[in-house]
Protein chains: 2
Amino acid sequence: MPRPSEPTRERIIQAANSLFYSEGIRRVSVDEVAAKAGLTKRTLYYHFKSKDDLVAAYLAARDQPNLALFRKWFAEAEGGLPVKVEAIFKNLARSARHPKWKGCGFLRTSAELANMPGHPAIRIGAAHKKKFEDWLRAAFAEQRIADPLKLARQILLLLDGSFAVVLLHRDASYMETAGEAARTLIETALAKPGRKRG
Amino acid sequence: MPRPSEPTRERIIQAANSLFYSEGIRRVSVDEVAAKAGLTKRTLYYHFKSKDDLVAAYLAARDQPNLALFRKWFAEAEGGLPVKVEAIFKNLARSARHPKWKGCGFLRTSAELANMPGHPAIRIGAAHKKKFEDWLRAAFAEQRIADPLKLARQILLLLDGSFAVVLLHRDASYMETAGEAARTLIETALAKPGRKRG
DNA sequence: TTGTGTATATTCACTGGTTAGTATACATAG
DNA sequence: CTATGTATACTAACCAGTGAATATACACAA
């Protein structure tokens, strides 16, 4: 039945997402992804050039939804900048307590592919993190903050640190600790001189 | 020639360390480790029960030297607590600029084995990080800091975050940014009330 | 000094299983 | 009847772990 086509590609990416995220890139075979998507490996290779290509597609598909979620948490929190940023960490802690949580797919992939710096999947992950960093920087720039880029990077360090630490210790409370640190850093930056910005 | 014995085990661990750290656990075969150590796979299996056992030994061997290095950097820096902690990040940035640097072996292993929470290697990694956290907590407790454990954890989040971020972006300057954040957090904690401690 | 047994250490060759990727054929839609 | 899409069956390589044999060092006896 050669019906689907476009939906097929999407179905493969969904299967890849589920398997690669929960078990890692190298532990999951192309056959397993195909089986989960309900088709054969040969069909998968019709839609994707190689496994690396599939890995890249898996991460590319996580980019937008992930960022959207962070923006939503930020927007929904009522209060100033410190409160809004801390809300991201609080929501993340809630996610991290679910049993299927396995950290950040981008970071785990970059750890698995650490010896292939130019790999497409790593470039996608780096771009994802840069997007988040830039969004934060813009949010900080709208307030009286002296060095919005530096502060955005510090928050990102706490965020990615909490992914790593919580994955290792399986203790989501570190995420709330990271949130407090983020609040402290933002409050300190707000208290300093700082030039304006619209 | 059945000469060596004890040195042999050490030689295998050195080979494993070099290969596992630079290429990852799953990308390196037991044969490759044996070849690098200058012996056959069968001999390796005489000294280690399984590959998992070898992985655990590889991480266990990194534990002490790693902690010693951090303590050395901390002790050598002249100044107060904020300066000493920031020195760790500065030295780490220097290491991270070497081309063979591949992040933190413990964190990368935990990312690779994310779906095996009970794996010996993960327990060793978690214990390693806890040791560092506790050492920092003790150092903070000697000063007038209200919640030394919380502060130690915040520094660790920055540290592990910088491993992850620098590995992804290949930009070691994030480590210096993390060091500045650490300094800010410590200075803030020192400025607050806080009870004493000997 | 010389012979002998035993625990230690090492090798060769193999098994059983997995895996990324492909050659070829077939089915359906328009 | 041709593009597109799917399946069967295969290749060639890799890989964790093992069976069986062997070599050495050393303790101890003769």
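Every heavy atom of this structure was used, including side-chain atoms; hydrogens, water molecules and symmetry mates were not. Proteins come first, then strands; the chains are lettered A, B, ... in the order of their sequence lines, and each starts at number 1.
- Between the side chains of S173(A) and D171(A), at least one donor N or O lies within less than 3.5 Å of an accepting N or O.
- One interatomic measurement links the two molecules: CG of L39(B) to P of dC12(C), which rounds to 11 Å at whole-angstrom precision.
- Between T43(A) and dT6(D) there is no side-chain polar atom (N or O) within less than 4.0 angstrom of OP1 or OP2.
- Residue T8(A) places at least one side-chain N or O closer than 4.0 Å to OP1 or OP2 of dT6(D).
- Under the side-chain hydrogen bond (donor to acceptor under 3.5 Å, both in side chains) criterion, T40(B) pairs with T43(B), sequence neighbours left out.
- For dT6(D), the OP1/OP2 oxygens have no side-chain nitrogen or oxygen of Y46(A) closer than 4.0 Å.
- For K131(B), the side chain to side chain contact (heavy atoms under 4.5 Å, CB included) partners at least two apart in sequence or on another chain are D63(B), L67(B).
- Scored by the ring pair (Phe, Tyr, Trp, His ring centres under 6.0 Å) test, Y174(B) finds H169(B) as partners (sequence neighbours excluded).
- Among residues at least two apart or in separate chains, ring pair (Phe, Tyr, Trp, His ring centres under 6.0 Å) pairs with a member in residues 129-161 of chain B are F70(B)-F132(B), F74(B)-W135(B), F132(B)-W135(B).
- Contact between the side-chain N/O atoms of H47(B) and the OP1/OP2 oxygens of dT10(C) is found at a separation under 4.0 Å.
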Mark up nucleotides 17-22 of chain C, 5' to 3', with B wherever a protein heavy atom is under 4.0 angstrom from a base atom, S wherever such an atom reaches only the sugar-phosphate, and - elsewhere. --SBBB
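- Listed by first and then second residue, the ring pair (Phe, Tyr, Trp, His ring centres under 6.0 Å) pairs involving residues 78-119 of chain B are F106(B)-H128(B) (not counting sequence neighbours).
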